[in-house]
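So the structure is just underneath, and the comments pick up after that.
The figures that follow rest on heavy atoms only: side chains count, while hydrogens, waters and symmetry mates do not. All values derive from a computational prediction rather than experimental measurement.
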Amino acid sequence: MGHPIQCLIMGKKVTYERWINLFLPDGWHEREEMGFVLLEKDGWPGMVQLSFIEREEISLPPADAARMLLEDTLEERDIPFPREAVKVEDRGSMAVAMIDYTFNDKDAPAHWRIWFMVDGTRALLAAYVSNPEQEIPYLAEATSIVADIEFIPPTNA
């Protein structure tokens, strides 16, 4: 992934070389873990996880690939989900597939909002995890951060 480049202007812009520009509001910080990035805010009851994926199957259009990656990820983790709950937004050279999922375990309920952002050769998994009883207004803030992520255009070297 490389080291992020940062500049402070009402929050900060973080660039992950060859991948994305990420715009974090004031009070937010990011940290790299093994193979992913966590976005956190002090006192916030959830987190956003970003995972970067090089697409193996690049013949599929981004919208089809986004849906397939999201559905495959949920199936691999044995998470039951209604296929009609997957929403896909086709933006031409890029697409976003998204689903909301609440796991109602009586001891530790959890709400996931999962996005797959896909362009011609790359995919970005963004997952927001929280306690469903504590997610307002946090879910809206996490959704806003993910909505502002921009893929850096590929260089044709």
Side-chain angles (χ1 to χ4, degrees), residues 1-5 13-25 28-41 44-105 108-132 135 138-157:
M1 281 181 286
H3 295 288
I5 301 167
K13 174 183 172 183
V14 182
T15 298
Y16 286 92
E17 187 177 335
R18 296 181 32 249
W19 282 93
I20 62 168
N21 288 319
L22 171 66
F23 303 93
L24 293 177
W28 280 84
H29 56 276
E30 83 291 338
R31 65 184 165 94
E32 288 188 45
E33 292 287 329
M34 301 275 293
F36 58 90
V37 174
L38 291 176
L39 309 178
E40 301 170 306
K41 183 177 180 180
W44 207 63
M47 70 179 76
V48 177
Q49 177 181 321
L50 304 177
S51 298
F52 301 88
I53 303 161
E54 293 279 353
R55 285 182 54 194
E56 293 176 14
E57 172 55 64
I58 60 171
S59 64
L60 286 177
D64 294 340
R67 175 180 292 278
M68 183 189 75
L69 285 165
L70 179 57
E71 290 176 351
D72 287 354
T73 298
L74 294 172
E75 287 171 355
E76 286 170 11
R77 296 178 180 164
D78 293 324
I79 297 172
F81 67 98
R83 292 199 183 277
E84 62 274 9
V86 175
K87 296 177 179 24
V88 179
E89 180 183 343
D90 189 343
R91 299 179 185 170
S93 64
M94 182 249 199
V96 179
M98 189 269 299
I99 192 168
D100 280 308
Y101 173 75
T102 302
F103 179 66
N104 287 314
D105 179 27
H111 178 250
W112 291 69
R113 178 168 286 180
I114 302 169
W115 299 262
F116 260 97
M117 304 172 75
V118 177
D119 73 359
T121 60
R122 304 166 292 184
L124 173 73
L125 165 65
Y128 167 72
V129 184
S130 70
N131 179 328
E135 65 186 19
Y138 308 108
L139 180 59
E141 192 169 356
T143 299
S144 175
I145 290 169
V146 172
D148 288 341
I149 292 174
E150 300 173 342
F151 272 116
I152 295 172
T155 57
N156 296 328

Under 4.5 Å between any side-chain heavy atoms of [X] and [Y], yes or no?
X    : Y    : value
T143 : Y128 : no
I145 : V48  : no
L60  : V118 : no
D119 : L124 : no
L74  : I114 : yes
V146 : V96  : no
M68  : F116 : no
D100 : H111 : yes

How about [X]: does its [atom1] atom have over 12 heavy atoms from other parts shown lying under 6.0 Å from it?
X    : atom1 : answer
W112 : CH2   : no
I53  : CD1   : yes
E56  : CD    : no

With rounding to the nearest 0.5 angstrom, report the [atom1] to [atom2] distance, [X] to [Y].
X    : Y    : atom1 : atom2 : value
M94  : I149 : CE    : CD1   : 8.5 Å
I152 : I20  : CD1   : CD1   : 7.5 Å
N21  : K13  : CG    : NZ    : 4.0 Å
M98  : M117 : CE    : CE    : 12.0 Å
S51  : L38  : OG    : CG    : 9.0 Å
E40  : E30  : CD    : CD    : 10.0 Å

Kindly give the heavy-atom pair with the smallest separation between [X] and [Y], and that separation in Å.
X   : Y   : answer
V88 : A97 : CG2-CB, 4.0 Å
E57 : R55 : O-NH2, 2.8 Å
S93 : P62 : O-CG, 3.7 Å

side-chain contact (heavy atoms from CB on, under 4.5 Å) between R67 and L70, worked out: CA-CA 5 Å; R67 175 180 292 278; L70 179 57; 6.0 Å; no

Walk me through it: do L50 and L22 pass the test side-chain contact (heavy atoms from CB on, under 4.5 Å)? CA-CA 11 Å; L50 304 177; L22 171 66; 4.2 Å; yes

